[in-house]
Amino acid sequence: MPDRHLLILRDVLVPRVLVSDPRSFGGRLDGSCLRGDLHADGARVRLHISAASDAPRLVIPALVEPHCHLDKCHSIARMVDVGGDLSQALARQRQDKLNWTEADLIARATRGLNEAAAAGCFALRTHVDWGDPAAPPLAWSVLNGLKQDSPLNVHCAALTSVEHMADPAYCDAVAGHVAQANGALGAFIHGQPDIAPAIANMFDAATRFGLPLDFHVDETLEPLSGLEAIADAAIACGFEGPVLCGHAVALINDEGDALARLLGKLRRARITVCALPTTNLYLQGRVAGTPERRGLTRLRELRAAGVPVIVGSDNVGDAFCPLGQHDPMAALSLTVLAAHLDPPFEQWLSMVTTDAAAAIGIPPPFVDQTSVENLKVSAAQTLPDLLAGRAPLSALLRPF
Ligand SMILES: [Zn+2]
């Protein structure tokens with residue numbers, strides 16, 4: 001049996017972009033990876049140069065799921081007459097909420113959490129629909145209860161409708177509940193008129209309560225300007241906490257100088273944009289026949305402009321997406337195809353690891369900085385094999 005304080009994994013490849021200090025990490029350069037024997041001694045993880053084998057394995061940090069909906073997931077089987085655009089999905093989900101008892105929520109959300117853990121996640125943010133009253137809905141209590149027993153670092157984000165946030169008393173009441181749960185304050189922004197005061201209230205409350213912000217914004221191929229309103233509010237108040245904007249599909253309508261100006265604002269506001277391809281490809285661009293325009297934000301332009309981009313699983317088996325998986329690597333794989341995120345894939349791994357962690361307000365899990373419990377190993381020998389799901393991620397910390 002190996003000394004339990006010294007764990008050695010022979011001949012591994014670690015993507016260099018996932019190491020914060022490659023020079024002191026050790027190993028030798030092999031393509032875009034550092035290669036060697038991995039030694040984990042307490043909290044210290046380093047590579048020692050060694051003879052190469054025929055079967056190196058990849059080591060990466062555990063993944064971050066930055067955007068999902070555990071209150072809605074796995075409800076599709078009991079729905080009838082599903083399919084259609086976002087408004088139809090909202091209507092079907094509203095009907096299904098009659099089934100959201102405590103036992104039902106626990107069963108479906110537990111299934112989702114187990115799936116995320118099996119996919120290699122160590123942290124997860126789930127949105128929770130917040131109704132008309134400022135008091136927390138049942139799902140908020142259930143999910144915050146489940147997270148106590150989960151091996152994952154679970155964060156809940158309150159998903160309110162932005163017009164409610166125009167009332168400072170409502171906004172503060174929700175922010176207070178969110179702060180108690182160490183969660184995130186969020187809203188659904190979808191072309192409602194005069195949203196600037198509501199967004200300003202949210203930034204003000206988030207500053208006073210020390211909360212991260214998370215928006216569902218411009219989830220449509222029609223032109224909308226919610227994303228710019230959020231950036232303006234963040235810049236106006238100098239907000240320092242993380243701001244995550246999910247969807248931003250309407251950004252695809254902007255180009256040229258207007259796009260460059262907006263991208264500059266997003267960078268100054270230090271906003272991260274989260275692509276959610278499963279739901280957006282399924283709901284957006286609906287026509288009578290085969291879709292001609294596909295729902296996706298401007299990932300390549302955002303990245304080129306210095307705006308962090310990440311990707312999440314979003315809806316899984318519900319009215320918004322009848323398929324899907326709680327698996328960020330699967331979401332990244334789909335995004336590679338949908339958004340033409342070309343190799344080398346090392347440049348996109350931050351979307352499900354380091355940048356995703358920063359976007360939800362937790363330390364980026366660089367391999368040489370995170371705990372060994374948060375490292376994963378795969379028999380995949382290349383990043384294309386890893387992203388294609390040809391070999392699963394499994395825990396590194398186990399007897400071998
Ligand atoms: Zn969502």
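Whatever order the structure lists ligands and atoms in, that order sets their numbers, starting from 1. Bear in mind that the values here come from a model prediction, so they are computed numbers and not experimental data.
- Residues Val243 and Ile230 form a side-chain contact, since some pair of their non-hydrogen atoms from C-beta on lies under 4.5 Å apart.
- Atom NE2 is the N/O/S atom of His67 found closest to the Zn ion (ligand 1).
- Under a hydrophobic-cluster definition in which Ile, Leu, Val, Met, Phe, Trp and Tyr are linked whenever side-chain heavy atoms come within less than 4.5 Å, directly or via other members, Leu58 and Val19 are assigned to the same cluster.
- Within His216, the N, O or S atom at minimum distance from the Zn ion (ligand 1) carries the name NE2.
- Under 4.0 Å is where a charged nitrogen must lie from a carboxylate oxygen, and between Arg108 and Asp104 at least one such pair does.
- Nearest to the Zn ion (ligand 1), among the N, O or S atoms that Asp314 has, is OD1.
- For the Zn ion (ligand 1), the N/O/S atoms of His69 include one lying under 2.8 Å.
- Using a cut-off of 4.0 Å between Lys/Arg side-chain N and Asp/Glu carboxylate O, Asp172 and Arg208 are scored as salt-bridged.
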